[in-house]
Amino acid sequence: MIFPRVLTPLSSVVAALATTMILHEQRAEAPAGFIRVGAAPASEVITLRVGLTSNNVDGLDEQLTSIATPGSSNFRQWLSMDEVKTYAQPSAETVSAFDDFVSANGLTPTVISPNGDWLSIRLPVSKANELFTADFEHFTHPSINGYITRTLCLATFGAKRTCHILQHNTPATETSNTLLVTAYTGQHAEEADLAQFLTTFHPDIPNSTTFTLLTLGNGTNPQGPLDAGVEADLDIEYAAGIATNVPLDFLSVAEGDLGTALFDTTAYLDGIADPPTVVTTSYGNDEANFGASVATKICNGYMALGARGISIIFASGDGGVRGGHDNITQCTNNTFIPVFPATCPFVTSVGGTQDFAPEKAMNSSSGGFSNFFPTASYQAAAVSAFLETLPGDFAGIFNASGRGYPDVSTQGWNFQIVHDGEVVGARGTSASAPTFASIIALINDRLVAAQKPVLGFLNPWLYSTASSAFTDITTGHNSGLICPASCVAFDATVGWDPLSGWGTPNFADLLAAAME
Ligand SMILES: *[C@@H]1O[C@H](CO)[C@@H](O)[C@H](O)[C@H]1NC(C)=O
Ligand SMILES: *[C@@H]1O[C@H](CO)[C@@H](O)[C@H](O)[C@H]1NC(C)=O
Ligand SMILES: *[C@@H]1O[C@H](CO)[C@@H](O)[C@H](O)[C@H]1NC(C)=O
Ligand SMILES: *[C@@H]1O[C@H](CO)[C@@H](O)[C@H](O)[C@H]1NC(C)=O
Ligand SMILES: *[C@@H]1O[C@H](CO)[C@@H](O)[C@H](O)[C@H]1NC(C)=O
Ligand SMILES: *[C@@H]1O[C@H](CO)[C@@H](O)[C@H](O)[C@H]1NC(C)=O
């Protein structure tokens, strides 16, 4: 089946758009485990979130890099809510282009983020299919009751409208996966102009081509809490156990779609004038399940929070090089699976270690390289030094030009917790991330007492003046919790590596580096 169908234009705006669609996002097949149920009924009303392009992401990136890099003149001069908004909000042109589009199509969007860059629209499937050249269907998964409504392809404005959807039940092949976009040829002058104008925004629709369920429960879920056998809300207890007397809030996000939950969290924090200085989350999913544009939009949200002086911390994952959780069917597959949001360059991702003397990286500590985000400038030297340690015949398949993660690690195996009055051991980077967050909160506490600014976005500091404040972890092999140790994976090395990052923090040294 090849789209587009013939549209009945509703107005001149739509008439023009109908011939100038740009492929927004597509995937050849739903991710493994999802089962197609059938076409979504035309009358089903769905809610789509639309992310408008922020007017100056590059400017915010540049500003944040400067503020977060030791030695710069504005080091740690974090921005206010309103200052961040000037970068994060969409431009007037973007807003007006989007307003024209929605009013021409009888849609009533609701602005759902303080920075005005996310909107929500409710519309029937028939209209969503028509306006976005989509093909909304129902999919189910063994871990859920019922179904979710998703499309494998979604096109928006800016170039020739060419969103080809694979035939149902046709296995995906390399070839079928690459023929999906036809570049805009600019045949008609008015189309070219309109395209130029309209590419000032790109809708991102997290729960359309994104397959990221948020299901609480255990490590057998395709995603979910990045720990095996413990509940997500233990995170607050892990943190409270270490950062005693540091005020702590637990933000609970409704069960549903992980991308939506992550976005809801950033939107909530964007709207708080006096936000917490450290935020830690122990959830993630295989990066590919998000899709690049949604992952980028969410990651830019962490950039904006980092610029306000918030340290954003994520667990790296519990599947070693094989995603958030490895499973036995994947062990001989050497294509490594990175985990998002741990791969976002604006979060600090935390891997896990076990044992003492020597302390080693856990086999399950997720780490590797992003396929969406390039190696961050702050880590360029660390990553290239690690890559030089790999043998020429290294069998692992990964993106050597991607953002390397995790950044740091802490203990995550046999982590002592009190449960129902009993001391028991828990495991997972879900324990490691709040542990590291607690250490950062304790250091912030000392900085505030000394009337110094808080640590904020950590990474440029972690990879420079603070890198020697860690116990280097030099043993470990992240083949996964389930996959045997003989499976291809990374090895911990001297210096930064994609299992343990810089290693585990030495509190006194990290505090001294923070006070410098
Ligand atoms: C294991 O992973 C494979 C490939 O990703 C997937 O098809 C399968 O459903 C997974 N099994 C479990 C039990 O999660
Ligand atoms: C998107 O997610 C929201 C909240 O989880 C849900 O209400 C809505 O039905 C979803 N839309 C689609 C297309 O699945
Ligand atoms: C936890 O894993 C078990 C074993 O696979 C499964 O039967 C159970 O449904 C899972 N529980 C939840 C809450 O997902
Ligand atoms: C190996 O894993 C990659 C990444 O998940 C996947 O795209 C590919 O289909 C897998 N290959 C096989 C033969 O299962
Ligand atoms: C590898 O990473 C780079 C930088 O992020 C990206 O441009 C490229 O598309 C990635 N390659 C693959 C095959 O994912
Ligand atoms: C991974 O490490 C843990 C902790 O040492 C161990 O219990 C588990 O058996 C290891 N997994 C494999 C497949 O060897």
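Side chains included, hydrogens not; waters and symmetry mates left out as well; all remaining heavy atoms used. As the structure lists them, so they are numbered: ligands from 1, and atoms in each ligand from 1.
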Colleague: I'd like the contact residues of ligand 4, where contact means a heavy atom below 4.0 Å.
Modeller: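 For ligand 4, the contacting residues are Asn333, Thr335, Ile337.
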
Colleague: Under 4.0 Å from a heavy atom of Ser401: give me the atoms of ligand 5 that qualify, with their elements.
Modeller: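 Those qualifying, in numeric order: 1 (C), 2 (O), 3 (C), 4 (C).
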
Colleague: Atoms of ligand 6 less than 4.0 Å from Gln354 heavy atoms?
Modeller: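 Those atoms are 4 (C), 5 (O).
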
Colleague: Does a salt bridge link Lys297 with Asp117, judged by any charged N lying under 4.0 Å from a carboxylate O?
Modeller: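 Counted as a salt bridge, because a side-chain N and a carboxylate O are separated by less than 4.0 Å.
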
Colleague: Checking Lys360 against Trp413: charged group under 6.0 Å from the ring centre and within 45 degrees of the axis?
Modeller: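 Here Lys360 fails the 6.0 Å and 45° test against Trp413.
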
Colleague: Aromatic rings Trp502 and Tyr463: how do their planes relate, parallel, tilted or perpendicular, breaks at 30° and 60°?
Modeller: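 Geometry flag for Tyr463 against Trp502: perpendicular rings.
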
Colleague: For Cys487 and Cys331, is the interatomic SG distance under 2.5 angstrom?
Modeller: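 No; the two sulfurs sit 2.5 Å or more apart.
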
Colleague: Report, in ascending order of atom number, the atoms of ligand 6 lying under 4.0 Å from any heavy atom of Leu481.
Modeller: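 Numbered from 1, ligand 6 contributes 11 (N), 12 (C), 13 (C).
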
Colleague: Is a side-chain donor or acceptor of Asp326 paired with a backbone partner of Ile482 at a separation under 3.5 angstrom?
Modeller: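 Such a contact is found between Asp326 side chain and Ile482 backbone.
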
Colleague: Using ring centroids (six-membered ring only for Trp), state whether Phe394 and Phe490 fall under 6.0 Å.
Modeller: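 Yes, the ring of Phe490 comes within the 6.0 Å limit of the ring of Phe394, centre to centre.
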
Colleague: Is there at least one pair of N or O atoms, one from Asn363 and one from ligand 6, spaced under 3.5 Å apart?
Modeller: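 By distance alone, the answer is yes.
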
Colleague: Heavy-atom contacts under 4.0 Å between Met362 and ligand 6: side chain, backbone, both, or neither?
Modeller: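 Neither; no heavy atom under 4.0 Å.
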
Colleague: Are Asp318 and Arg322 ion-paired here, with the side-chain N under 4.0 Å from a carboxylate O?
Modeller: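 Answer for the salt bridge query: no.
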
Colleague: Looking only at distances, can you tell me whether any N or O atom of Gly402, backbone or side chain, sits closer than 3.5 Å to an N or O atom of ligand 5?
Modeller: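 No - when backbone and side-chain N and O of Gly402 are compared with those of ligand 5, no distance drops under 3.5 Å.
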
Colleague: Could you walk me through whether Leu305 and Thr266 pass side-chain contact (heavy atoms from CB on, under 4.5 Å), step by step?
Modeller: CA-CA 8 Å; Leu305 293 174; Thr266 52; 3.7 Å; yes

Colleague: Can you tell me which residue among Phe346, Phe457, Phe263, Phe314 is in a ring-ring contact (aromatic ring centres under 6.0 Å, His included) with Tyr302?
Modeller: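 With Tyr302 as partner, Phe346, Phe457, Phe263, Phe314 yield a single ring-ring contact (aromatic ring centres under 6.0 Å, His included), made by Phe314.
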
Colleague: Just which atoms of ligand 5 are under 4.0 Å from any heavy atom in Phe372?
Modeller: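 Every atom of ligand 5 under 4.0 Å from some heavy atom of Phe372: 5 (O).
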
Colleague: Counting each atom of ligand 5 from 1 as listed, which ones have a heavy atom of Asn399 under 4.0 Å away?
Modeller: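 By the 4.0 Å cutoff, the relevant atoms are 1 (C), 2 (O), 3 (C), 8 (C), 10 (C), 11 (N), 12 (C), 14 (O).
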
Colleague: With heavy atoms of Ile482 as the reference, note each atom of ligand 6 found under 4.0 Å away.
Modeller: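 With Ile482 as reference, the close atoms of ligand 6 come out as 13 (C).
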
Colleague: Assess the side chains of Asn459 and Tyr378: does a donor N or O sit below 3.5 Å from an acceptor N or O?
Modeller: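 There is such a pair (donor and acceptor under 3.5 Å, judged by atom type) between the side chains of Asn459 and Tyr378.
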
Colleague: Should Gln411 and Ser432 be marked as a side-chain contact (heavy atoms from CB on, under 4.5 Å) after you check the CA-CA gap, both sets of side-chain angles, and the distance that decides it?
Modeller: CA-CA 6 Å; Gln411 287 274 326; Ser432 305; over 6 Å; no

Colleague: Counting only heavy atoms closer than 4.0 Å, does ligand 6 sit against the backbone of Cys483, its side chain, both, or neither?
Modeller: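 Cys483 to ligand 6: backbone contact only, side chain stays beyond 4.0 Å.
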
